[in-house]
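One structure below.
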Amino acid sequence: MPKLLPNSRILALADVYRLLGRQTADDAIRSGWLKPRCLKDVPRGPQRRLFALSDIHLVEERILAGEYPGQFEK
């Protein structure tokens with residue numbers, strides 16, 4: 001059986017994409033539900049964003065409760 005949850009509580013954006021799916025993760029970041037805990041400077045390219053696993057769980061809980069990032073109830 002494949003391993004679904006990481007051991008680390010600190011995740012790179014690629015890990016966030018694997019856990020939430022790319023579109024859901026991007027929507028959560030864009031709507032402010034998910035924010036990086038810190039930024040790491042790299043020699044070339046954009047800063048690396050590091051996220052907390054606990055924040056991923058909070059996004060999951062909101063989705064399981066019927067919300068979706070960026071969409072509002074009518």
Report yes or no: do Leu13 and Leu34 belong to one cluster of Ile/Leu/Val/Met/Phe/Trp/Tyr joined by side chain heavy-atom distances under 4.5 Å? yes
Non-hydrogen atoms of Ser31 and Gly70 that approach each other most closely: CB-N, 3.6 Å
Would a hydrophobic clustering, with Ile, Leu, Val, Met, Phe, Trp and Tyr connected at side-chain separations under 4.5 Å, put Ile29 with Leu53? yes
Determine whether Trp33 and Tyr17 fall in the same hydrophobic cluster, where Ile, Leu, Val, Met, Phe, Trp and Tyr are linked whenever their side-chain heavy atoms lie under 4.5 Å apart. yes
Contact between Ile63 and Val59 at the side-chain level, heavy atoms closer than 4.5 Å - yes or no? yes
Can you confirm whether more than 12 heavy atoms, excluding those of Leu39, are under 6.0 Å from its CG atom? yes
Would you say Arg62 has more than 12 foreign heavy atoms packed within less than 6.0 Å of its CZ? yes
Is there side-chain contact between Cys38 and Leu50, with heavy atoms separated by less than 4.5 Å? yes
Please step through side-chain contact (heavy atoms from CB on, under 4.5 Å) for the pair Arg37 and Phe51, ending with a clear verdict. CA-CA 5 Å; Arg37 291 292 183 107; Phe51 298 86; 5.8 Å; no
Quick check: closest heavy atoms across Asp55 and Lys35, and the distance to 0.1 Å? OD2-O, 4.1 Å
What's the spacing between Gln23 CD and Asp27 CG if we round to 0.5 Å? 4.5 Å
Would you call Ile56 and Leu11 a side-chain contact if the rule is heavy atoms closer than 4.5 Å? yes
